[in-house]
Amino acid sequence: MTDRNEVLRENLNVSWRFFFNRNYVDGFGHISARTQDPNMILITPHELGRNSNPEDFVFVDLDGNQHGSDEKLPGELPIHLEVYKSRPDVGSVAHFHCHHASSFSMSEHALKPVYFLASIFRDGIPVHPDARLVNDKERGESLAKSLGSHRAAMMRAHGIVVTGADVEEMSAGVYILEDNAKRAFIAGSMGDFETMNEAEMEEIEREIMKNRGPIKRIWRMFKAEAAESYL
């Protein structure tokens, strides 16, 4: 019988290698997943490089206690802990400082879906008003409150937080969010542009999430690129 936690380690490692090689990790960033025990997560240690391995991911309970390792934990661990506590539906969390998406947190323009895959963010991407490091429980709770029931949030002048039901969905969400921000930036540089309307986004989101076809396709890309990173 396959150990689900070992599968989680493998998937987190695939995701991390993809994001590192695509420069989402600019010296900062971390990802996590909820384990078989809903009160326990696996998370990147404080400093994890390009050549990560599944065993590098660390067990931490939702009270912040480390299990089976003495690796230094991310300083913004409370992002993960408080999101998991407030959102039983969330199985995976990412925090990055992606250039295009985070730039919208400092802009007069709201980041809205401009291409079809971004319909998964149709209910909005709130901006958390506090730019400080989320390095304690109080700040983590505040961020989780800003996130609310949304799939993602931006942290003003800081970065992004993206959630998913599992590692695959979280990973696709990060990829789509940054890609959408890049496309919005390009469209904006050419003059006025249209965002998608609510009716079409609702239909597209329903189709995407019905069988998660595009999410699976993006995940196959993650796996292929992660495998190449071993060569």
Side-chain angles (χ1 to χ4, degrees), residues 8-33 41-54 56-58 73-77 79-80 83 90-107 111 113-115 117-118 120-121 125 127-128 131 133-134 143 147 150-186 214-231:
L8 280 179
R9 284 182 184 269
E10 292 283 351
N11 288 347
L12 285 167
N13 190 55
V14 165
S15 182
W16 182 257
R17 280 184 168 248
F18 178 93
F19 285 131
F20 205 108
N21 288 320
R22 286 289 189 105
N23 297 316
Y24 286 69
V25 185
D26 57 353
F28 301 92
H30 25 88
I31 59 176
S32 67
I41 66 172
L42 278 162
I43 191 168
T44 47
H46 178 68
E47 294 183 8
L48 185 59
R50 182 184 306 275
N51 297 317
S52 64
N53 290 292
D56 291 328
F57 294 85
V58 179
L73 298 176
E76 292 190 292
L77 174 65
I79 290 176
H80 301 260
V83 169
V90 168
S92 189
V93 175
H95 171 55
F96 290 115
H97 299 163
C98 303
H99 292 175
H100 288 86
S102 61
S103 293
F104 274 86
S105 75
M106 300 171 274
S107 168
L111 178 56
V114 297
Y115 88 122
L117 288 181
I120 63 173
F121 298 107
I125 305 167
V127 178
H128 181 57
L133 291 170
V134 182
L143 173 61
L147 174 68
H150 299 278
R151 182 180 293 274
M154 291 187 291
M155 303 160 69
R156 184 181 65 81
H158 184 152
I160 63 171
V161 174
V162 180
T163 69
D166 50 34
V167 175
E168 295 96 320
E169 189 175 305
M170 171 277 289
S171 301
V174 173
Y175 179 81
I176 292 169
L177 182 64
E178 176 66 358
D179 190 34
N180 181 72
K182 187 182 301 183
R183 291 169 187 261
F185 172 78
I186 294 170
I215 292 172
K216 294 174 184 176
R217 176 65 187 88
I218 292 171
W219 184 245
R220 287 196 295 272
M221 176 179 67
F222 270 64
K223 292 179 73 173
E225 291 195 19
E228 290 174 359
S229 72
Y230 285 96
L231 300 178

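Please read these numbers as outputs of a predicted model, since none were measured by experiment.
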Test of ring centre spacing under 6.0 Å for [X] and [Y]:
X	Y	value
His80	His30	yes
His97	His95	yes
Phe19	Phe222	yes

Side-chain touch [X]/[Y], heavy atoms, less than 4.5 angstrom:
X	Y	value
Trp219	Ser15	yes
Phe104	Val127	no
Ile160	Ile125	no
Asn53	Tyr230	yes
Glu168	Asn11	yes

| message | I need the full list of salt bridge (charged side-chain N to carboxylate O under 4.0 Å, His left out) pairs touching residues 214-230, with sequence neighbours left out, sorted by first then second residue. | response |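 Qualifying pairs: Arg22-Glu225.
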
| task | Please list all pairs passing the salt bridge (charged side-chain N to carboxylate O under 4.0 Å, His left out) test where one or both residues lie in residues 90-100, with sequence neighbours left out. | result |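 Residue pairs passing salt bridge (charged side-chain N to carboxylate O under 4.0 Å, His left out), neighbours aside: none found.
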
Residues that [X] engages under side chain to side chain contact (heavy atoms under 4.5 Å, CB included), provided they are two or more places apart:
X	value
Glu10	Pro54
Ala165	Glu169
Tyr115	Leu117, Ala118, Ile176, Asp179, Asn180, Arg183
Ala157	Met106, Ala131

| Are the side chain of Arg17 and the backbone of Ser52 linked by a donor-acceptor contact shorter than 3.5 Å? |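 A pair under 3.5 Å: yes.
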
